[in-house]
K.L.:
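Below is one structure. I have some questions about it.
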Amino acid sequence: MVGNLYDFKKDLDQKGVFFCFSGPLSQDLLVEIGSTLKQKMHLEEASNSTVIRVFSMVVEKAQNIIHYSAEKLPPDKSVAREAEMSLGIIAVGYDSGHYFVLCGNMMKNSQVEHLRKKLTGLAGMTKDELKKHYRKQRRKDPEQGSKGAGLGLIEMAKKASRPIEFDFKKVDGNYSFFSSRTFI
Amino acid sequence: MDNLIIEATRYTPAIYFDFKTDELYIKGESYAENVMEFYAPVISWIEEYMEYKHDRYIVLNLELFYFNSSSSKILLDIFDLFETAAVEGKNITINWIYDQDDDTAYEFGEEFKEDFNLVFFRLIQKEKKSG
């Protein structure tokens with residue numbers, strides 16, 4: 001494995017990925033990742049508006065992993081860590097003038113169709129339709145099982161410069177791996 | 001009624017609600033993992049505050065550098081409380097303060113503004129910091 005790490009890095013470089021994290025994600029870690037990324041983008045002289053957009057994608061995607069990843073570590077009361085931890089992947093890259101944010105996590109097969117339908121719907125909307133949809137959804141109560149306002153995906157679609165790319169890989173009889181990429 | 005003062009953290013805003021001067025401030029970042037939990041005391045305070053039937057001129061100053069989508073929903077709930085109070089005759093101004101080069105915050109302000117009639121919703125552009 002140690003011999004392959006450079007290949008892994010080269011592969012990321014080739015794909016334009018300059019940040020990559022895989023493992024248990026927490027709110028505190030998200031704050032650190034966010035502030036490091038902001039610093040990097042400011043050094044690259046990205047506009048403030050771009051930095052905020054990239055940051056917001058990272059927050060929404062990371063919080064989706066924290067809330068919905070099916071791969072979790074159970075809470076451990078003995079070390080005062082009472083919350084369960086969610087695992088997932090977050091990556092940020094730059095390609096042809098645009099930053100992008102990649103994210104992936106495990107999910108139950110039974111929820112795949114619902115999410116696919118939602119994302120397909122969003123991908124087919126114009127900016128104006130997304131804006132209206134967002135305001136309509138914000139007025140509604142979140143759907144069952146939602147741990148936030150249920151607005152994260154719409155907000156990402158609204159802020160993205162092209163439709164959200166997504167993919168579902170069936171892992172076994174119970175789980176699939178969900179990945180998505182959003183361009184700023 | 002007591003003032004409501006909550007210190008800012010790296011992902012929750014500072015809350016400074018002054019009962020006597022009727023000036024309310026929300027300032028900072030807003031992207032806690034559980035946004036509802038953070039804002040529950042804020043919403044309770046506003047609900048109780050609005051019960052006082054005096055002829056008040058109330059100002060809410062909002063200066064959020066970043067807020068996540070769950071916070072956006074709660075902001076709408078908070079603005080609804082103010083709109084209801086305005087319908088009941090209170091004079092309310094919401095100042096939406098945003099950075100000059102933050103077009104996302106500006107767009108959010110514009111969108112919120114369209115949702116309210118009786119609350120005086122002002123968009124205020126902050127001067128760009130020099131240096």
Side-chain angles (χ1 to χ4, degrees), chain A residues 25-35 38 42 46-68 83-86 127-128 130-132 134-142 146-160 184, chain B residues 8-13 28-40 43 63-81 83-84 97-117 121 125-131:
Chain A
L25 204 54
S26 65
Q27 174 72 21
D28 286 328
L29 181 54
L30 162 61
V31 173
E32 292 302 331
I33 290 174
S35 96
K38 274 187 196 167
H42 280 307
S47 72
N48 203 19
S49 132
T50 301
V51 173
I52 290 166
R53 275 165 202 264
V54 174
F55 177 72
S56 91
M57 298 283 179
V58 171
V59 171
E60 295 295 337
K61 282 183 189 282
Q63 291 187 331
N64 277 347
I65 291 174
I66 293 171
H67 287 151
Y68 306 118
E84 58 186 7
M85 297 197 91
S86 302
K127 283 280 166 230
D128 214 39
L130 283 167
K131 191 179 153 179
K132 286 193 184 111
Y134 182 86
R135 288 181 66 187
K136 205 175 89 196
Q137 287 303 116
R138 190 165 62 179
R139 279 273 165 218
K140 285 188 190 165
D141 288 329
S146 175
K147 290 184 184 162
L151 296 170
L153 291 176
I154 315 172
E155 180 153 328
M156 283 189 259
K158 231 173 108 212
K159 284 184 184 153
I184 286 84
Chain B
T9 71
R10 294 182 79 183
Y11 46 84
T12 54
E29 308 270 357
S30 181
Y31 61 104
E33 202 178 328
N34 191 339
V35 179
M36 303 275 188
E37 202 177 281
F38 174 78
Y39 282 98
I43 287 174
E63 191 176 346
L64 291 171
F65 310 126
Y66 168 71
F67 55 95
N68 66 358
S69 57
S70 306
S71 301
S72 157
K73 165 88 178 158
I74 289 176
L75 288 178
L76 189 71
D77 294 343
I78 290 175
F79 298 159
D80 280 343
L81 292 175
E83 181 76 7
T84 307
I97 304 159
Y98 65 96
D99 265 337
Q100 194 178 14
D101 51 1
D102 185 357
D103 54 354
T104 308
Y106 171 75
E107 280 163 30
F108 267 113
E110 282 281 306
E111 282 177 37
F112 276 128
K113 191 179 174 173
E114 287 170 34
D115 273 354
F116 299 96
N117 298 315
F121 202 103
Q125 192 186 80
K126 232 175 36 170
E127 291 293 312
K128 203 180 163 91
K129 280 172 284 180
S130 53

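To find a chain, count down the sequence lines: A is the first, B the second, and so on, and within it residues start at 1.
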K.L.:
Charged N to carboxylate O below 4.0 Å: is that the case for B:R10 and A:E32?
P.N.:
yes

K.L.:
Are A:K131 and B:E107 ion-paired here, with the side-chain N under 4.0 Å from a carboxylate O?
P.N.:
no

K.L.:
For B:E114, which atoms come within 4.5 Å of any heavy atom of chain A: side chain, backbone, both, or neither?
P.N.:
both

K.L.:
Counting only non-hydrogen atoms closer than 4.5 Å, does B:F108 touch chain A with its backbone (N, CA, C, O), its side chain (CB onward), both, or neither?
P.N.:
side chain

K.L.:
Less than 4.5 Å to any heavy atom of chain B: does that hold for the side chain of A:R53, its backbone, both, or neither?
P.N.:
side chain

K.L.:
Restricting to ring-ring contact (aromatic ring centres under 6.0 Å, His included), what partner residues turn up for A:F55, sequence neighbours left out?
P.N.:
B:Y31, B:Y66

K.L.:
Who wins among B:N34, B:D103, B:D77, B:D102 for the most heavy-atom pairs under 4.5 Å with chain A?
P.N.:
B:D103

K.L.:
Side-chain contact test, heavy atoms from C-beta onward, threshold under 4.5 Å: evaluate it for B:Y39 versus B:E37 and give yes or no.
P.N.:
no

K.L.:
Charged N to carboxylate O below 4.0 Å: is that the case for B:D101 and B:K126?
P.N.:
no

K.L.:
Report the residues that fulfil salt bridge (Lys or Arg N to Asp or Glu O under 4.0 Å) with B:E110, sequence neighbours left out, ordered by chain and then residue number.
P.N.:
none

K.L.:
Which atoms of B:A32 are under 4.5 Å from chain A, going by heavy atoms: the side chain, the backbone, both sets, or neither?
P.N.:
backbone

K.L.:
Non-hydrogen atoms of chain B under 4.5 Å away: do they reach the side chain of A:R135, the backbone, both or neither?
P.N.:
side chain

K.L.:
Could you tell me which portion of A:S35 (side chain, backbone, both or neither) has an atom closer than 4.5 angstrom to a non-hydrogen atom of chain B?
P.N.:
side chain

